[in-house]
Amino acid sequence: MNIVEQVKSKLKQEIAAAVIKANLATEEQIPDVVLEIPKDKVNGDYSTNMAMQLARVAKKAPRMIAEELVAHFDNSKASIEKIEIAGPGFINFYMNNSYLTDLIPAILDAGDQYGETSIGNQEKVQVEFVSANPTGDLHLGHARGAAVGDSLCNVLAKAGYDVSREYYINDAGNQINNLALSVEARYFQALGMDKSMPESGYHGEDIIGIGKKLAEEFGDKFVEMDEKERFDQFREYGMKYEMAKLKQDLEDFRVSFDVWYSETSLYHNGKIDAALQNLRDNGYIYEQDGATWFRSTEFGDDKDRVLIKQDGSYTYLTPDIAYHRDKLERGFEKLINVWGADHHGYIPRMKAAIQALGNNADTLEVEIIQLVHLYKNGEKMKMSKRTGKAVTMRDLVEEVGLDATRYFFAMRSADTHLDFDLDLAVSQSNENPVYYAQYAHARISSILRQAEEQNLAAAAQGDFSVIQSEKEIDVLKKLGEFPEAVGEAAQKRMPHRITNYIFELASVFHSFYNAEKVLDLEQVEKTTARLALIKAVQTTLKNALALIGVSAPEKM
RNA sequence: GCGCCUUUAGCUCAACUGGAUAGAGCAACGGCCUUCGAAGCCGUAGGUUAGAGGUUCGAAUCCUCUAAGGCGCACCA
C-alpha cells in the first residue's frame, strides 16, 4: 500500500468511526464508505457521500447528518486541513498534501514494480484470447482482441493475479479440411493446372503463397500422389505454415502466450470422452433422433444443444466443453474468454456447460470485443474473410505503426463498436493521441539528459518539502493514483482505464512543465527535488505504457 | 420474430458502475517559443446524454416502452 492508499483507508476508517460516534447508524447498518476524488478541485481532495447514504437509515436530512458527522470527526488523525459540507450533503476533505512527497522516493525505489498491488490475491486466472482459426491471416478484429486481451493480462498480473495466457488452436474439424483443400487448389493452380477452390475455401493471399511455395519446393511431386495422402500432407503443411505465421504476427504485435492448446489433442487423450461421461453422470445428457444432446436449457440456454451428431462426429461445442473442463482441472479459479462479438450467442451454452460440470456460472467470464470498422478518406472499408479482402493485422501495423495501433485499441472500452480512422492513426502529428503520452516521456528523458550534462542528479531521498506548488501537487496526486487505477482496471476487466490514466498523467505533467522550470542552477535543492519528481513521472508513464504494450521512447 | 451490444458536443470517445456545473481529443476561434523538446500549454465556443414514462434526496448510469444501427439465433466452426 502506498502512502496515498494509506491515507485514503485511514480516512475511510475515520469516517466510519464518526458515524458510530455520532450515533447515526450501527456497525451493521453502516454502508461501505465511498471516497471519491471530486471532478472539481474546489470540492476538496476527497469527498464522501456518506451523509446521503445514511439519510434513509438515520431518517434525517443529509445536510444535518453531515454536520453531526463532521462534529464527531477527528481531524487530527488523517492529514486533514479542513472539512466542508457542500451541495446536497457531500462532505469534502481538504488535505494537507505535504505527505504526498513521500511518493517520490517510494516510486523511484519501486522502479518497474511501481503500480503493483496485491488486490488479485494470487487468484489463478486463465485468459483465453485471439484463438483464431489457423486458416488465414489475422485481421482487424483479431488485432483488437489481441490488444485488449494482452493488456488485460498485463493489468491482471500487475494487480496481483496469477495469470496464464492461452490460445486455443482449432486444428480439428471442417475448417482445417477446407484449409487443406484450399492449399491443394492453390498448389495445382501454381503449377498452371486447373483446380477449383472448395465451396467454403479460404481465398486469402497467404494460401496462394503456400501453393506457390509447395510448387516451387516440390514441383509436381504431389500431383500423382494418392488423394488421401496428399490431403493429409497438405493439411499438415498448411497448418504448420499458418501457425508459424500466426505466432510471428502476434509476437510482432507484442503479444505472447503461455500455452498453445491444441483442439486435436483433446481427441487423442480421451478428454472428450471424459467430459461427456462427466456430463452424463451429472444427468445432463440424453439421446434423441439419433443424436446425443446436452440439456443446456437447464441453465437458461434457449435450446438444448447437440454434442454428437447423427453421423457420429462431434459438434464444435463438444471438444470446447472438454477444453474448459480441462482448464478447470488444471486448477484455474477463474476463466476469462475474450471473444469476438459474432460469438456472443455462444455464451449461454458455454456457461451452461460450466455449470453442468458442477461449477458456478461466473467461474467463466466472457469479454466480448465488438466489431471494428476501418475508415479511410472518410469512407468505410469493406472486408470479408471469405474473399480474402480483409485488412490484415500485419497490414494495419505496417501502415499505422505498432505503438499507435496498440494505443488505439487500448484506448476504447472493448464492448463498444469501434471506428478506426486510418488517416488519424497514421498521422504523425498532434492529432494522434499516442504521441501525447510518448512525448511526455521523451520530454522528461530529455530534461534528465541535460541535467546529467550539468552534473545535476535527481535527489534519491531526503527533503522534498520544496515540492509544493499547485501543479506539482497535481502531478503527485496523479502519480499516487496509479496502483489504484491498475487494481480497478483489473477487477473490472477494463484495461482501457489504464489508457485514460496515461493520458491524465501525461496531461498533468505537460501542464506542470509549461508552468514551471525544472532545471535551475540558482536553486539546486529545488532542481534536484524536481528532477526526482519528473523521474517518478517517467517511471510511472513507462510502467503504464508497458501495460498496454506501447513503448516509452527516450527520443522521438 | 427472439436474444445480446451500441446510441453522450459537428466527428471519435470518456465519465471512478447512482453523485456536485456530463469531460477529453480532433475540427473552429483567440493567445503563449532569442530560457529545460510547440508532437506542448492557456483560454473561448460547442449538450434537453436518441425519445417517452418510472424508481429516489439525486439518473448518461437502474426498470419499462419506443426508435435507429450492429451482431447472433445449426446435428457450421
message = B:A39, OP1 or OP2 - any side-chain N/O from A:Tyr439 closer than 4.0 Å?
response = yes

inquiry  = Considering every strand and a 4.0 Å limit on heavy-atom distances, what is the contact class for A:Met50: base, sugar-phosphate, or nothing?
reply    = nothing

request  = Using a heavy-atom cut-off of under 4.0 Å over every strand shown, decide if A:Ala442 touches base, sugar-phosphate, or nothing.
outcome  = base

task = Name the nucleic acid region contacted by A:Ser511, choosing base, sugar-phosphate or nothing; use a 4.0 angstrom heavy-atom cut-off, strictly under.
result = sugar-phosphate

request  = Determine the interplanar angle of the A:Tyr261 and A:Tyr168 rings, folded into 0 to 90°, and report it as parallel if under 30°, tilted if 30 to 60°, perpendicular if over 60°.
outcome  = tilted

inquiry  = Is the ring pair A:Tyr346/A:His343 parallel, tilted or perpendicular, if the boundaries are 30 and 60 degrees?
reply    = perpendicular

task = With RNA chain B as reference, determine whether A:Leu317 or A:Lys39 sits nearer its 5' end, using the nearest nucleotide of each.
result = A:Lys39

ask   = Ring stacking, A:Phe90 with base of B:A20, under 5.5 Å and under 30°?
value = yes

inquiry  = Is it the case that the side chain of A:Glu504 and the backbone of A:Lys478 share a donor-acceptor pair, with hydrogens and angles ignored and the cut-off at 3.5 Å?
reply    = no

Residue whose closest nucleotide on RNA chain B lies nearer the 5' end, A:Arg449 versus A:Arg412 = A:Arg412

Check the interface with nucleotides 68-72 of chain B: list each N/O to N/O pair with the protein under 3.5 Å, or write none.
from, atom 1, to, atom 2, distance (Å)
B:G69, N2, A:His417, NE2, 3.2
B:C71, O2', A:Ala341, O, 3.2
B:C71, O2, A:His344, NE2, 3.4

message = Once you apply a heavy-atom cut-off of 4.0 Å, does A:Ser313 come out as touching a base, just sugar-phosphate, or nothing?
response = nothing

key: Distance between P atoms of B:U17 and B:A74 (Å, rounded)   = 38 Å

task = Say whether, by atom type as modelled, one donor and one acceptor occur between the side chain of A:Lys60 and the main chain of A:Ala55 under 3.5 angstrom.
result = no

inquiry  = Counting only side-chain heavy atoms from C-beta out, which of B:C5, B:C75, B:U35 sits nearest to A:Thr315?
reply    = B:C75

ask   = Closest to the A:His496 side chain: B:A15, B:A20, B:C13?
value = B:A15

message = Please classify the glycosidic conformation of B:C33 as syn (within 90° of 0) or anti (everything else).
response = syn

request  = Look at the aromatic rings of A:His373 and A:Tyr375 and report parallel, tilted or perpendicular, splitting at 30° and 60°.
outcome  = perpendicular

key: Which nucleotide in B:G40, B:A20, B:C36 has an atom nearest any side-chain atom of A:Arg443   = B:G40

key: Sugar-phosphate only, base, or nothing, as touched by A:Asp289 at under 4.0 Å among non-hydrogen atoms   = base

task = Please state whether the phosphate of B:C36, meaning OP1 or OP2, lies under 4.0 angstrom from any side-chain nitrogen or oxygen of A:Gln454.
result = no

ask   = Nearest of B:C5, B:C41, B:G19 to any side-chain atom of A:Asn514?
value = B:C41

Residues A:Lys477 and A:Asp45 bridged, charged N to O under 4.0 Å = yes

query = Can you tell which of B:G40, B:C36, B:C13 lies closest to the side chain of A:Asp419?
reply = B:C13

message = Say we look at B:U34 and B:A60: how far apart would their P atoms be, to the nearest angstrom?
response = 47 Å

request  = Tell me, please, whether A:Tyr513 has A:Arg443 positioned over its six-membered ring: NZ or CZ under 6.0 Å from the ring centre and within 45 degrees of its axis?
outcome  = yes

task = Using a heavy-atom cut-off of under 4.0 Å over every strand shown, decide if A:Lys303 touches base, sugar-phosphate, or nothing.
result = sugar-phosphate

task = Tell me what A:Glu516 touches on the nucleic acid: a base, only sugar-phosphate, or nothing, going by heavy atoms under 4.0 Å.
result = base

message = Counting only side-chain heavy atoms from C-beta out, which of B:A77, B:A39, B:A74 sits nearest to A:Arg305?
response = B:A74

Pair A:His142-A:Asp137, side-chain donor/acceptor within less than 3.5 Å = no

task = Identify which nucleotide among B:G19, B:A20, B:A15 has an atom closest to any side-chain atom of A:Asn500, counting heavy atoms from C-beta outward.
result = B:A15

inquiry  = Heavy atoms only, 4.0 Å cut-off, all strands: where does A:Asp304 land among base, sugar-phosphate and nothing?
reply    = nothing

key: CG (A:Asp32) with more than 12 external heavy atoms under 6.0 Å   = no

task = Looking at every strand, decide which applies to A:Leu307 at a 4.0 Å heavy-atom threshold: base, sugar-phosphate, or nothing.
result = nothing

task = State whether A:Asp301 and A:Arg305 are salt-bridged, where the test is any N-O pair (Lys NZ or Arg NE/NH1/NH2 against Asp/Glu carboxylate O) under 4.0 Å.
result = yes

message = Base, sugar-phosphate or nothing for A:Ala86? Non-hydrogen atoms, less than 4.0 Å.
response = base

Residue A:Ile447, side-chain heavy atoms: nucleotide from B:G37, B:C41, B:C75 that is nearest = B:G37

ask   = Just by distance, with hydrogens left out, do A:Gln175 and A:Asn170 show a side-chain donor and acceptor under 3.5 Å apart?
value = no

key: Proximal nucleotide (of B:A24, B:A20, B:G37) relative to the A:Phe503 side chain   = B:A24

query = Looking only at side-chain N and O atoms, does A:Tyr46 come under 4.0 Å of OP1 or OP2 in B:C16?
reply = no

remark   = Side-chain atoms of A:His510 come closest, of B:A39, B:A14, B:C41, to B:C41

ask   = Would you call A:Asp474 and A:Lys41 a salt bridge, taking side-chain N to carboxylate O under 4.0 Å as the test?
value = yes

key: Nearest-angstrom distance, C1' atom, B:U7 to B:A14   = 15 Å

message = Within the 4.0 Å heavy-atom criterion, would you say A:Met556 contacts the bases, only the backbone, or no part of the nucleic acid?
response = base

message = On the nucleotide B:C75, are OP1 or OP2 found under 4.0 Å from the side-chain N or O atoms that A:Thr292 carries?
response = no

Consecutive-pair stems (3 or more, Watson-Crick or G-U, under 3.5 Å) for RNA chain B = B:1-7 with B:67-73, B:10-13 with B:23-26, B:28-32 with B:40-44, B:50-54 with B:62-66

ask   = Going by an N to O cut-off under 4.0 Å, is there a salt bridge joining A:Glu516 and A:Lys471?
value = no

message = When you measure from the side-chain N and O atoms of A:Tyr513 to the phosphate of B:A38, is any distance below 4.0 Å, counting only OP1 and OP2?
response = yes

message = Under 4.0 Å, counting only non-hydrogen atoms across every strand here, what does A:Gln310 touch: a base, just sugar-phosphate, or nothing?
response = base

inquiry  = Would you measure the distance from the C1' atom in B:U61 across to the matching atom in B:A15 and give it in whole Å?
reply    = 10 Å

ask   = How is A:Glu554 classified with respect to the nucleic acid when contacts are heavy atoms under 4.0 Å: base, sugar-phosphate, or nothing?
value = base

